[in-house]
Amino acid sequence: MAMNCKKIAQAMEPNAIVLASDRDTHQVVFASAEQVLSKTFTEILKDRSSRLHNALDLVVVDESYTVLRCGQRKGLKKCVCKNAKSFRAAYGDLSILRSLCKEGTPVLALTGTADNHTREVIMCDLVINSDVLEVFLSPNRTNLRINVIKTTKKDALSNLDWLVELCHRKQSETPKTILFCHTMKDVATVTNYLMLKLGSSAYSPPTSRESEDCLIGIYHSMSWDNYNYKDRIVSQLKSNWKVRLVVATTALSMGVNFPGIRYIINWGPARNLLDHHQEAGRAGRDDKKTQILWLFTMDNSKLTVRTK
């Protein structure tokens, strides 16, 4: 079934009032949390005479686990995600939309990662009643194989040598790989090691030194937006183009579907179980066998097991 869609990015242009006109026949409107909370959009939505207000029959919040905001809700345990307030904090304010829509407009919250506490926070932040209908699907992915590698800080980088050798041999046919790091320092360390070890093999063809021909990409919250660098990395991961290895932070682990990711490497264990599910979830979207490797050093890692 074809669906007539519009992106809010189009609606945010000077003639944004088109969303309220009778000429607008769009069935689905896509937007980021920040865009739907903008003054331009909310002014149109709350206008009871606007077509948008009267035609809107459902609000869908994808990646709804992002509403987690530390220490913001009374009666709820403190969220484990310490930087949630600064990263996509607008998700925590989406309940504002409920007061602007017609009374009784339903809200559908979707997420691939939600433990009991996360579901409680989602319901609280989006003002969803306790008698909500909840649908659960198993997160088990039988095509993913998880391996944990214990190493020392001194030898940690050498655990990437197999990937370097694979890239030497396969070049532009190297299986697509994402390496998740916690900090910008780790991103720089891993990227520099790979570039140094690969030398000319970091490019395809090896004689090139153009950034567009580099097999290694970097993705984090401060990537170079002015040059559409993030979009280029994402589009190349979605296709079968030059970039084969991407060193990234968790900024790359949310709401993207990359086919054919064969390896996920965690440079240290994920910060929490939700991050682990999000990062591992980038792998094996084509249902083929995929490896997930956890590298951690006993020099600075503490593993805690809680039992009841």
Pairing residues for Lys176 by the salt bridge (charged side-chain N to carboxylate O under 4.0 Å, His left out) criterion, not counting sequence neighbours: none
Under 3.5 Å donor-acceptor, Asp213 side chain and Arg209 backbone: no
OG1 on Thr142 to NZ on Lys289, rounded to 0.5 Å: 6.0 Å
Inter-residue atom distance Leu45.CG - Leu100.CG, 0.5 Å rounding: 5.0 Å
Side chain Asn54, main chain Arg48, donor-acceptor under 3.5 Å: yes
Any Thr183 side-chain heavy atom under 4.5 Å of Thr249 side chain: no
Heavy-atom donor-acceptor pair, Arg141 side chain to Gly284 backbone, under 3.5 Å: yes
Connected via hydrophobic side-chain network under 4.5 Å: Val132 and Val107: yes
Leu295 side chain near Leu160 side chain, heavy-atom distance below 4.5 Å: yes
Asn266 side chain near Ile292 side chain, heavy-atom distance below 4.5 Å: yes
Minimum side-chain heavy-atom gap Tyr219-Ile178 below 4.5 Å: no
Whether Ser38 side chain and Gln35 backbone form a donor-acceptor pair below 3.5 Å: yes
Donor-acceptor contact below 3.5 Å, side chain Lys102 vs main chain Leu56: yes
Heavy-atom side-chain contact between Leu94 and Leu126 under 4.5 Å: yes
Euclidean distance, Leu293 CG relative to Leu179 CG, rounded to 0.5 Å: 9.0 Å
Partner residues of Leu58 under the side-chain contact (heavy atoms from CB on, under 4.5 Å) criterion, sequence neighbours left out: Val60, Pro106, Leu108
Spacing of Leu52 atom CG and Asp47 atom CG [to the nearest 0.5 Å]: 9.5 Å
Closest non-hydrogen atom pair, Val243 against Cys214: CG2-O, 3.9 Å
Shared hydrophobic cluster, Leu144 / Val148 (ILVMFWY, side-chain heavy atoms < 4.5 Å): yes
Where Phe296 and Pro269 come nearest, the two heavy atoms and their spacing: CB-CD, 3.4 Å
Shared hydrophobic cluster, Val59 / Leu110 (ILVMFWY, side-chain heavy atoms < 4.5 Å): no
Result of checking Lys170, Arg169, Glu165, His168 against Ser201 for side-chain hydrogen bond (donor to acceptor under 3.5 Å, both in side chains): His168
Side chains of Asp161 and Ser158, donor plus acceptor under 3.5 Å: no
Reported CD1-to-CG distance for the pair Ile265 and Leu163, which is rounded to 0.5 angstrom: 5.0 Å
Short side-chain to backbone donor-acceptor contact, Arg244 and Thr174, under 3.5 Å: yes
Pairwise distance CD(Gln291) to CD1(Ile264) - rounded to 0.5 angstrom: 11.5 Å
Test item: Gln236 side-chain N/O and Trp241 main-chain N/O as donor-acceptor pair under 3.5 Å: no
Contact summary for Val127 and Arg98, nearest pair of heavy atoms: O-NH1, 2.6 Å
Distance-minimising heavy-atom pair for Leu166 and Tyr263: CD2-CE1, 4.1 Å
Non-hydrogen side-chain atoms of Ile146 and His276 separated by less than 4.5 Å: yes
Any donor-acceptor N/O pair, Thr191 side chain to Ala188 backbone, under 3.5 Å: no
Pairwise side-chain contact, Val247 with Tyr193, heavy-atom cut-off 4.5 Å (strictly under): no
Shortest non-hydrogen separation from Arg282 to Phe180 and the atoms involved: CG-CZ, 4.1 Å
Closest approach of Thr297 to Ala156 (non-hydrogen atoms, all atoms of both residues): CG2-CB, 4.1 Å
Neighbour count >12 (heavy atoms, 6.0 Å) for atom CH2, Trp162: yes
Under 3.5 Å: donor-acceptor pair, side chain of Ser208, backbone of Ser204: no
Test item: Ile261 and Arg285 side chains (from C-beta on) under 4.5 Å apart, heavy atoms: no
